[in-house]
Amino acid sequence: MALLAATPTAAVAEDGYELWLRYRSVEAPWRARYAPHATAIVTRSASPTMRAAQAELRRGIVGMLGAEPSNQLQSGAIILRSRVRIGGLGKDAYRIRSAVVSGKPLTIIAANSDIGILYGSFAFLRLLQTRQPIDRLDLSSRPKLPLRLLNHWDNLDGTIERGYAGHSLWNWAELPQIHPRLIDYARANASIGINGVVLNNVNANAQILTPAYLRKVAAIADAWRPYGIRVYLSARFSAPIEIGGLGTADPLDPRVQKWWRGKVDEIYQLIPDFGGFLVKANSEGQPGPQTYRRTHADGANMLADALAPHRGMLFWRAFVYGGSDDDRVKQAFDQFRPLDGQFRRNVVLQVKNGPLDFQPREPVHPLFGQMPRTRLAMEVQITTEYLGQSTHLAYLGTMWSEALCSAAAPDSLLAMAGVANTGNDRNWTGSHFDQASWFAFGRLGWDPTAEPRAIAEEWTRMTWGNNPRLVRPIVAMMMRSREAVVDYMTPLGLAHQMGTDHHYGPAPWVCDLPQPSWNPCYYSRADAQGIGFDRTRSGSNAVAQYTLDVARRFADLNSVPDEYLLWFHHVPWAYRMRSGRTLWDELVIRYDRGVSDVESMNRVWASLAPMIDAQRHADTAARLKQQLAEARWWRNASIAYWQSLSKLPLPAGHKPPPHTLGWYQALRFETVPGFLSPRIPPGWPCLSAQGDLPCAP
Ligand code: GCW
């Protein structure tokens, strides 16, 4: 250990490309323990998936133990045994077991299918990567959810909606030639059990369904097949008009049905294991069945019928609002709950984790647990549109686990869908720490009951190193990180206080957008008397959408958790909280707590410098510094605005914002991602990384 401390791994240059599959050399005592159990890799099958498993094991063993494994059945061999019919385990499951055969210690990775072997191989490597013993193994694992999908919001022009890590990984000009990076992408996904990828944005372009694109899509499907990843596409509901030459997309029109059947047959000719379609319909301007006075079920079932003969799935999103003046968070439930039981077997209703829109904190979506005759997917956003984009360190395992644990969600789930945070940045996700949420998404899709802390620790060990002096503080930082964002952006159940359109930075004062529910003021309902959205019976009664016991808990001021107070209740500024403080004081304290958490993250990270490679350390340090400036900005701008309404003094010891409200309101951010071209007129004030100082002209 002394030796380890004296020669830190910091010497090795790293850029984050390898993600959590770094396979760096293990410390000598561990090598002595591992090497006798990794002398050879033996398999009889040469299927592409088995070859991928073998190649990964070899890569890991050479990297970590520095010795080339043979392919001989010898002492210390790893035997890959597929199609063994392991009772009780499904297709993707694996079993890893130590055995002694004819006096030779062996490790057997067994599975019902080749893909189970690949998953088992990654699991075996993970044991070494996280410094677990491997000499007396007997473990098995199977995914609790059969479908674990990434959703890419990639546009055909290479841009990514809400993407903060560069351009799309799919280079349509270069395809069908496969860039090696696409294989590394598949390895990363297979290592965490992801088994489906939707390639294109749900705000879909029908061109993806034309033969020229489909041939390129087929090349991707071929490349990923060995890794167990099926390709899916977002389908634009009006494609029969745009690329089919029809005058309608009415789902009950036989010509439309025939066109989709033909299109689906054409896709399966090229991609026999095509996963299916994902559809955003009648939402935010996207076309859909309601255009023809048909229901969401009519639309979904028509597409599902075209896919069914090929065993394809149809994911239909429940993210709809705008069709009524009612509270926005009620609208998806009101539209979809009555359709329970009306969807075909191969339809999956894809529901966001919360009823609004990927906020730092929302209560769970009330559709979970209340669509007993419909298969559901929980959609989460890995890309952090509303949590500081790729600057703020926010580990999302804790957030998703919160949703998965609530309202019996896991029992009613067939799938998890995660809006991907990858792009062509060298380290895939822009921020190194954003890799953790990609990792956690896969691990929670495999087991929604997994502990977010255990996942964070696993990722930390694989990504940064196993030294406990580094693991402990990093995990602690990750576990607190999302709550810190909640505190300095939208504490106590506030939501959607972000800047218009790009959703970057605070804008609680905005109240003039044409669609009422796009306005932050719609959600805060703040005025001189108080703050919060009354969703009890005296207000929108959204609370009644929950099951009786949950509804009661949320509706009652005595039992609603502080975290959801202003989501469900409008209360006076002087409202007395459980802490004994007034709401106003508590609010200010929460903002400050969030900021001080980020201060401490900065300190902790700085102290880890000697144990972390220079490039990744510096990159993360720079982002944390920016995060601190932005956390202060969120705190100051929000407090300045609320104070202009409440007229109350700040509690003792809490500093007033350094600028006037008008100063914060005048900031413009027209070069942040979301805009295609910089549109900052010269002379606009903006925020510098140094804090509340205007940028240099
Ligand atoms: O959160 C919102 C985003 C949109 C996105 C939409 C959706 C793809 O701001 O950019 O559109 O959600 O989920 O459909």
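Each ligand, and each atom within it, is numbered from 1 in the order the structure gives. The first residue of the sequence shown is numbered 1, and numbering continues consecutively from there. Keep in mind that this is a model prediction, so the values were computed, not measured.
Any N or O atom pair closer than 3.5 Å counts here, and N201 shares no such pair with ligand 1. Of the polar atoms of R162, at least one N or O is found under 3.5 Å from an N or O of ligand 1, judged by distance alone. At least one N or O atom of R317 sits closer than 3.5 Å to an N or O atom of ligand 1.
Close contacts of ligand 1 with E161, meaning ligand atoms under 4.0 Å from a residue heavy atom, involve 4 (C), 5 (C), 8 (C), 10 (O), 11 (O). Applying the 4.0 Å criterion to heavy atoms of F319 picks out, from ligand 1, the atoms 6 (C), 7 (C), 12 (O), 13 (O), 14 (O). Interface atoms of ligand 1 facing V202, defined by a heavy-atom separation under 4.0 Å, are 8 (C). For ligand 1, the atoms sitting less than 4.0 Å from at least one non-hydrogen atom of Y386 are 1 (O), 9 (O), numbered in the order shown with element in parentheses.
At the shortest separation from atom 12 (O) of ligand 1 among protein heavy atoms lies K352 NZ, 3.2 Å. For atom 6 (C) of ligand 1, the closest heavy atom belonging to the protein is E284 OE1, 3.3 Å. Looking only at heavy atoms of the protein, atom 9 (O) of ligand 1 is closest to E385 OE2, 2.5 Å. Of all protein heavy atoms, the one closest to atom 2 (C) of ligand 1 is D357 OD2, 3.1 Å.
For the pair N353 (side chain) and V380 (backbone), a donor-acceptor distance under 3.5 Å is absent.
For the residue pair Q335 / Q331, no side-chain donor-acceptor distance below 3.5 Å is found, with atom types taken as modelled. In this model, no donor atom of one side chain and acceptor atom of the other lie less than 3.5 Å apart for D326 and S324.
Tested against Y232, the residues L147, L314, L150, V197 include a single side chain to side chain contact (heavy atoms under 4.5 Å, CB included) partner, L147.
Taking only non-hydrogen atoms, the option from H502, Q381, K280 nearest to atom 14 (O) of ligand 1 is K280.
Heavy-atom contacts from other residues, nucleotides or ligands closer than 6.0 Å to CH2 of W518 number 12 or fewer.
R623 and E630 are not joined by a salt bridge, as no carboxylate oxygen comes within less than 4.0 angstrom of a charged side-chain nitrogen.
Aromatic ring centres of F669 and W633 lie closer together than 6.0 Å. The ring of H152 has its center closer than 6.0 angstrom to the ring center of Y185.
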